[in-house]
Amino acid sequence: MIIAIDGPAASGKGTLGKRLAAHYGFRHLDTGVIYRAVAKAMLDLGADLQDEARAVAVARALDPEKFGDPVLKTQAIGDAASVVSAIPAVREALINFQRQFAADPPGAVLDGRDIGTVICPDADVKIFVVADPKVRAHRRTLEARGRGEAADEALVLTDILKRDERDKNRAAAPLKCAADAHVLDNSNLDIEGGVRAAIAIIEQARATR
Ligand code: DC
């Protein structure tokens with residue numbers, strides 16, 4: 001079984017996907033981390049983020065063992081990831097890895113921006129997670145402070161809006177809700193509430209399959 005979690009409020013920390021995977025005994029991939037890893041490698045090389053040939057080479061050479069590096073979660077890497085993820089050839093280079101991950105037994109939860117539309121269009125259940133940008137800014141600010149980073153909530157909000165625009169309007173795999181996705185608005189839900197709502201969607205989808 002493949003569960004696709006997309007949407008502007010979906011990935012970030014990958015908490016929802018991780019919790020769902022644990023609940024069902026599936027493997028979990030927070031695909032934002034892949035783009036963040038490409039971005040970090042480009043910054044480490046001192047490369048221009050728009051340098052397609054280098055970014056593709058970096059994407060092909062990624063080491064999944066390093067996806068847990070906490071530095072990948074920072075705002076600076078997230079901004080750089082938004083730039084490299086807009087390069088079609090970079091996305092192309094990462095498709096097989098994601099599809100293979102999804103196909104391996106016993107089942108998988110993938111979260112990102114284009115899982116239900118491009119990577120796994122035949123996913124068994126698709127959930128598109130949205131939340132009020134102000135609520136997301138508040139959450140991200142608290143997270144950043146929890147990591148010991150200074151964070152100005154107004155700036156975080158500006159950054160979120162800018163990044164959403166870029167993700168939605170890029171030519172390659174723009175962020176959009178798949179026609180058969182279930183929309184989950186978690187503005188007024190805490191993590192537990194979001195997990196419960198997602199499980200309810202999945203159970204209903206399984207029952208009607
Ligand atoms: O979800 P995140 O903040 O970790 O994602 C970082 C960037 O990577 C974000 O700007 C969008 C991009 N991304 C993407 O284009 N496709 C995905 N499947 C996941 C993330």
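Order of listing sets the numbers, starting from 1, for every ligand and every atom in it.
- At a 4.0 Å cut-off, not a single heavy atom of Arg166 sits close enough to ligand 1 to count as contact.
- Close contacts between ligand 1 and Ala81 involve ligand atoms 6 (C), 7 (C) [criterion: under 4.0 Å to a heavy atom].
- In summary, Arg170 and Asp114 do not engage in a salt bridge, as defined by a charged side-chain N under 4.0 Å from a carboxylate O.
- The residues Arg163 and Asp79 are annotated as salt-bridged, a charged nitrogen and a carboxylate oxygen being separated by less than 4.0 angstrom.
- Listed by number with element, the atoms of ligand 1 under 4.0 Å from a non-hydrogen atom of Gly32 are 4 (O), 5 (O), 19 (C), 20 (C).
- Near Arg36, meaning under 4.0 Å from one of its heavy atoms, ligand 1 places the atoms 2 (P), 3 (O), 4 (O), 6 (C).
- Of all the atoms in ligand 1, the ones that sit under 4.0 Å from a non-hydrogen atom of Arg163 are 3 (O), 10 (O).
- Every atom of ligand 1 with a heavy atom of Gly112 under 4.0 Å away is listed here by number and element: 18 (N), 19 (C).
- Heavy-atom proximity to Ser82, at under 4.0 Å, picks out these atoms of ligand 1: 10 (O).
- The shortest heavy-atom distance from Gln98 to ligand 1 is not under 4.0 Å.
- Among Asn186, Thr141, Asp164, the one residue that satisfies the side-chain hydrogen bond (donor to acceptor under 3.5 Å, both in side chains) test with Arg136 is Asp164.
- Distance check: Ile202 CD1 to Lys126 NZ gives 14.0 Å after rounding to the nearest 0.5 Å.
- With ligand atoms numbered from 1 in the order given, ligand 1 contributes 17 (C), 18 (N), 19 (C) to contacts under 4.0 Å with heavy atoms of Thr31.
- Between Asp30 and Lys73 there is a salt bridge, with a side-chain nitrogen of the basic residue lying less than 4.0 Å from a carboxylate oxygen of the acidic one.
- Backbone and side-chain nitrogen or oxygen atoms of Arg113 are examined, and one is located within less than 3.5 angstrom of a nitrogen or oxygen of ligand 1.
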